[in-house]
Amino acid sequence: DRLPWSEEEVSRQLAAGRTVFIDFTAAWCLTCQVNERVVLSKPEIQAAIRDKNIAFLVADWTRRDPAITAALQKYGREGVPTYVLLRPNTPPQLLPELITPSLVLDALSR
């Protein structure tokens, strides 16, 4: 299940001991749409997220929400797509803008 992103939701999930995958995306972002279609919506990716009990949060930057802009800057990024894996008490892991199923599965399995 995908949840809408907020800093509160990130904190809540991490406090519960869950890994958090944040998908910073936007409706006008072509690369985001392609990554969604060819990678993130794939059954094996969805299964890995489910099996590992990972919280999948979507930060929809379509209207350039200032809170999302601030979060992107915190991770050293200027725009979308940005993919961030957060684990409790571990530095954030940023994935490249162009992702592949194997790259995402590898990141999720660490």
Side-chain angles (χ1 to χ4, degrees):
D1 275 15
R2 296 176 181 214
L3 299 165
W5 172 90
S6 69
E7 289 290 4
E8 296 75 27
E9 190 61 40
V10 170
S11 299
R12 193 163 37 246
Q13 297 294 343
L14 289 172
R18 290 181 82 187
T19 294
V20 176
F21 183 94
I22 310 173
D23 174 10
F24 289 92
T25 187
W28 43 259
C29 167
L30 210 56
T31 305
C32 301
Q33 305 312 317
V34 171
N35 286 344
E36 171 63 35
R37 196 169 62 245
V38 303
V39 180
L40 299 176
S41 65
K42 286 263 189 261
E44 63 267 30
I45 302 289
Q46 294 298 310
I49 288 169
R50 221 177 14 257
D51 296 348
K52 296 178 189 319
N53 193 27
I54 294 169
F56 193 110
L57 275 60
V58 177
D60 184 351
W61 203 47
T62 300
R63 292 189 171 80
R64 300 200 188 256
D65 178 320
I68 294 174
T69 303
L72 283 166
Q73 288 169 345
K74 182 173 84 176
Y75 297 120
R77 294 288 175 89
E78 298 288 315
V80 292
T82 293
Y83 305 101
V84 182
L85 256 175
L86 299 172
R87 292 178 174 86
N89 309 312
T90 309
Q93 177 186 356
L94 271 73
L95 277 57
E97 288 181 21
L98 295 174
I99 52 174
T100 62
S102 60
L103 188 143
V104 173
L105 288 171
D106 181 54
L108 296 176
S109 69
R110 289 196 197 141

Q.
Between Leu3 and Arg12, does the side-chain contact (heavy atoms from CB on, under 4.5 Å) criterion hold? Intermediate values first, please.
A. CA-CA 12 Å; Leu3 299 165; Arg12 193 163 37 246; over 6 Å; no
Q: Give the C-alpha distance, both sets of side-chain angles, the deciding distance and a yes or no for side-chain contact (heavy atoms from CB on, under 4.5 Å) between Asn53 and Arg18.
A: CA-CA 7 Å; Asn53 193 27; Arg18 290 181 82 187; 3.1 Å; yes
Q. Is there a salt bridge (Lys or Arg N to Asp or Glu O under 4.0 Å) between Glu78 and Arg64 once you walk through the steps?
A. CA-CA 11 Å; Glu78 298 288 315; Arg64 300 200 188 256; over 6 Å; no
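Note that OG1 of Thr19 is 10.0 Å distant from CD of Gln93, once rounded to the nearest 0.5 Å. Rounded to the nearest 0.5 angstrom, Arg77 CZ and Tyr83 OH are separated by 10.0 Å. Rounding to the nearest 0.5 Å gives a distance of 9.0 Å between CH2 of Trp5 and CG of Leu57. Distance check: Ser41 OG to Arg37 CZ gives 8.5 Å after rounding to the nearest 0.5 Å. The distance from the CD atom of Gln46 to the CG atom of Leu40 is 7.5 Å, given to the nearest 0.5 Å.
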Listing, residues 103-110 side-chain donor-acceptor contacts under 3.5 Å, not counting sequence neighbours, or none:
from	atom 1	to	atom 2	distance (Å)
Asp106	OD2	Arg110	NH2	3.0
Ser109	OG	Leu105	O	3.3
Ser109	OG	Asp106	O	2.9

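Minimum interatomic distance between Phe21 and Leu95 (heavy atoms only, all atoms of both residues): CE1-CD2, 4.1 Å. Here the closest heavy-atom approach between residue Ile45 and residue Pro101 is recorded as CD1-O, 3.6 Å. Here the shortest heavy-atom pairing between Cys29 and Pro81 reads SG-CD, 3.7 Å. In terms of heavy atoms, Arg2 sits closest to Asp23 at NH1-OD2, 4.4 Å.
Under the 3.5 Å distance criterion, the side-chain polar atoms of Thr25 are left unmatched by any main-chain donor or acceptor of Asp60. In this structure, Asn35 contributes its side chain and Leu98 its backbone to no donor-acceptor pair below 3.5 Å.
Cluster membership check: Leu14 shares its hydrophobic cluster with Ile22, using side-chain heavy-atom separations under 4.5 Å among Ile, Leu, Val, Met, Phe, Trp and Tyr. Tracing side-chain contacts under 4.5 Å through hydrophobic residues (I, L, V, M, F, W, Y), one reaches Ile99 starting from Ile49; they form part of the same cluster.
Counted by atom type alone, Thr69 and Trp61 present one or more donor-acceptor pairs between their side chains at under 3.5 Å.
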